[in-house]
2 protein chains.
Amino acid sequence: MSKANHTDCSSAMLPVRDALDVISGKWKLIILISISSGNHRFREIERSIGKINSKVLAKELKDLEEHKLIKRTVYDESPVFVEYTTTPYATTLGKVIKELRDWGLNHRKEIIGK
Amino acid sequence: MSKANHTDCSSAMLPVRDALDVISGKWKLIILISISSGNHRFREIERSIGKINSKVLAKELKDLEEHKLIKRTVYDESPVFVEYTTTPYATTLGKVIKELRDWGLNHRKEIIGK
DNA sequence: CTGTATCCACGAGGATACTG
DNA sequence: CAGTATCCTCGTGGATACAG
């Protein structure tokens with residue numbers, strides 16, 4: 001953690017809060033990982049996560065769409081189907097997810113695994 | 001976001017969940033930033049954040065201590081006082097916080113600021 | 001100053017069933 | 001398949017007061 005003096009403390013807190021508002025919560029990043037891993041259909045995503053239920057998934061997908069992180073496309077063929085894809089903007093979260101993943105791996109070794 | 005195939009999807013999700021369990025929530029990282037910015041006393045931290053209240057702060061500090069991210073030291077002078085400091089382990093979160101901060105700054109420009 | 005004690009509101013998240 | 005509709009639990013977070 002970089003040291004900072006008292007005055008620029010809030011200048012660090014605000015953007016972190018902004019970021020957390022988007023990605024915090026139990027499922028947001030998990031869903032993004034699932035979609036970017038090749039799951040594009042509602043039931044696919046649901047199954048890949050396992051413990052989430054339809055209502056919660058639907059809500060989270062809406063949130064992610066509002067934040068421009070995923071795109072929902074309805075294909076009007078028959079049968080109609082819906083596809084979720086990550087947006088180019090979502091790729092900007094790549095480094096965040098990588099760091100979280102690395103840290104999570106290490107944390108499990110260091111703390112949880114004791 | 002790095003592409004991954006279906007099979008290693010959960011191998012990415014689990015550590016991210018571990019990380020989020022620790023740092024997610026409204027205040028955890030904010031408190032860490034405050035402490036590492038030079039606020040070491042309970043009321044200092046409270047004031048630097050502004051909108052948090054004593055009960056919530058006390059609980060979050062306990063959580064952070066359990067996760068070995070901060071250290072609580074009681075100085076038995078008179079008057080007695082308590083000091084919170086970040087642990088060396090907390091510095092491993094540095095990159096995570098940096099990425100979150102950078103992303104949050106950009107996100108505000110890109111999305112919120114529209 | 002450093003918290004605890006109450007009491008409380010609200011929303012996230014969940015179980016189950018159901019619709020088009 | 002892609003969601004909605006209900007109903008519910010529980011934790012987070014908060015207001016206010018107070019204790020050591």
Side-chain angles (χ1 to χ4, degrees), chain A residues 6 13 16-35 38-67 69-86, chain B residues 6 13-14 16-18 20-35 38-67 69-86:
Chain A
H6 210 112
M13 287 175 4
V16 171
R17 285 296 303 274
D18 286 342
L20 286 177
D21 283 346
V22 176
I23 67 160
S24 193
K26 204 166 174 178
W27 300 117
K28 300 267 194 317
L29 288 184
I30 306 300
I31 293 168
L32 277 178
I33 291 172
S34 173
I35 296 177
N39 302 297
H40 300 298
R41 309 288 293 272
F42 192 93
R43 297 291 178 205
E44 266 181 2
I45 300 166
E46 194 174 22
R47 272 195 306 269
S48 77
I49 294 177
K51 293 189 166 292
I52 200 171
N53 73 59
S54 310
K55 195 197 78 177
V56 174
L57 178 55
K59 180 191 167 292
E60 299 289 77
L61 287 170
K62 269 175 196 155
D63 289 348
L64 289 169
E65 201 189 353
E66 271 173 21
H67 288 301
L69 292 170
I70 62 172
K71 182 164 163 37
R72 180 179 185 272
T73 312
V74 180
Y75 289 93
D76 238 347
E77 303 160 14
S78 89
V80 189
F81 74 97
V82 180
E83 186 186 64
Y84 293 94
T85 51
T86 55
Chain B
H6 210 113
M13 288 176 3
L14 280 163
V16 171
R17 284 295 305 275
D18 286 342
L20 286 177
D21 283 346
V22 176
I23 67 160
S24 193
K26 203 166 175 179
W27 300 117
K28 301 269 195 314
L29 287 184
I30 307 299
I31 293 168
L32 277 178
I33 291 171
S34 173
I35 297 176
N39 302 297
H40 300 298
R41 308 288 293 273
F42 192 92
R43 295 292 176 206
E44 268 180 1
I45 300 166
E46 193 174 22
R47 272 194 307 268
S48 77
I49 295 177
K51 293 187 167 297
I52 200 170
N53 73 58
S54 310
K55 194 196 77 176
V56 173
L57 178 56
K59 180 194 168 291
E60 299 289 77
L61 287 171
K62 269 176 197 156
D63 289 349
L64 289 170
E65 201 189 353
E66 271 174 21
H67 289 301
L69 292 169
I70 61 172
K71 180 164 166 37
R72 181 178 184 274
T73 312
V74 181
Y75 289 92
D76 237 348
E77 303 160 15
S78 93
V80 190
F81 73 98
V82 180
E83 186 186 63
Y84 293 94
T85 50
T86 55

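None of these values were measured; they are calculated from a predicted model. Chain letters run A, B, ... following the sequence lines, proteins first, then strands; residues in each count from 1.
Separating the CG atom of B:D21 from the C1' atom of C:dG13 is a distance of 14 Å, rounded to the nearest angstrom. Rounded to whole Å, the distance from CG on A:D63 to P on C:dG13 is 9 Å. Taking atom CD1 on A:I31 and atom P on C:dA12, their separation rounds to 14 Å, with Å as the unit. If you measure from atom CD of A:E46 to atom P of D:dC1, you get 9 Å, rounded to the nearest angstrom. For A:R17 and D:dG13, the CZ to C1' distance is 11 Å, given to the nearest whole Å. One interatomic measurement links the two molecules: CG of B:L57 to C1' of C:dC1, which rounds to 13 Å at whole-angstrom precision. If you measure from atom CD of A:E60 to atom C1' of D:dT4, you get 16 Å, rounded to the nearest angstrom. Between the CD1 atom of A:I49 and the P atom of D:dG3 there is a distance of 14 Å, given to the nearest Å.
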Mark up nucleotides 14-20 of chain D, 5' to 3', with B wherever a protein heavy atom is under 4.0 angstrom from a base atom, S wherever such an atom reaches only the sugar-phosphate, and - elsewhere. BB-----

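Among A:E44, A:H40, A:R72, A:E65, the single residue meeting the side-chain hydrogen bond (donor to acceptor under 3.5 Å, both in side chains) criterion with A:Y84 is A:R72.
By the side-chain contact (heavy atoms from CB on, under 4.5 Å) test, B:E66 is found to be paired with no residue, residues two or more places apart in sequence or in another chain being considered. Every residue two or more places apart in sequence or in another chain that forms a side-chain contact (heavy atoms from CB on, under 4.5 Å) with A:T73 is listed here: A:K71, A:Y75. In terms of the salt bridge (Lys or Arg N to Asp or Glu O under 4.0 Å) criterion, residue partners of A:D63 (sequence neighbours excluded) are, by chain and number, A:K28, A:K59. In this structure, B:R47 has no side-chain hydrogen bond (donor to acceptor under 3.5 Å, both in side chains) partners at least two apart in sequence or on a different chain.
OP1 or OP2 of D:dG3 sits under 4.0 Å from a side-chain N or O of A:Y84. Distances shorter than 4.0 Å separate some side-chain N or O of A:K62 from OP1 or OP2 on D:dT4. Contact annotation: A:R72 reaches the phosphate of D:dG3 (side-chain N/O to OP1 or OP2, under 4.0 Å).
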Apply side-chain contact (heavy atoms from CB on, under 4.5 Å) to residues B:V82 and B:F42 and explain how you reach the verdict. CA-CA 7 Å; B:V82 180; B:F42 192 92; over 6 Å; no

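With distances taken from any side-chain atom of A:A58 to the nucleotides D:dG3, C:dG3, C:dC1, the minimum falls on D:dG3.
Residue contacts for B:Y75: at a heavy-atom cut-off of 4.0 Å it reaches no nucleic acid atom on any strand shown.
Within the structure, salt bridge (charged side-chain N to carboxylate O under 4.0 Å, His left out) pairs that include any residue of residues 73-86 of chain A do not occur (at least two apart or interchain).
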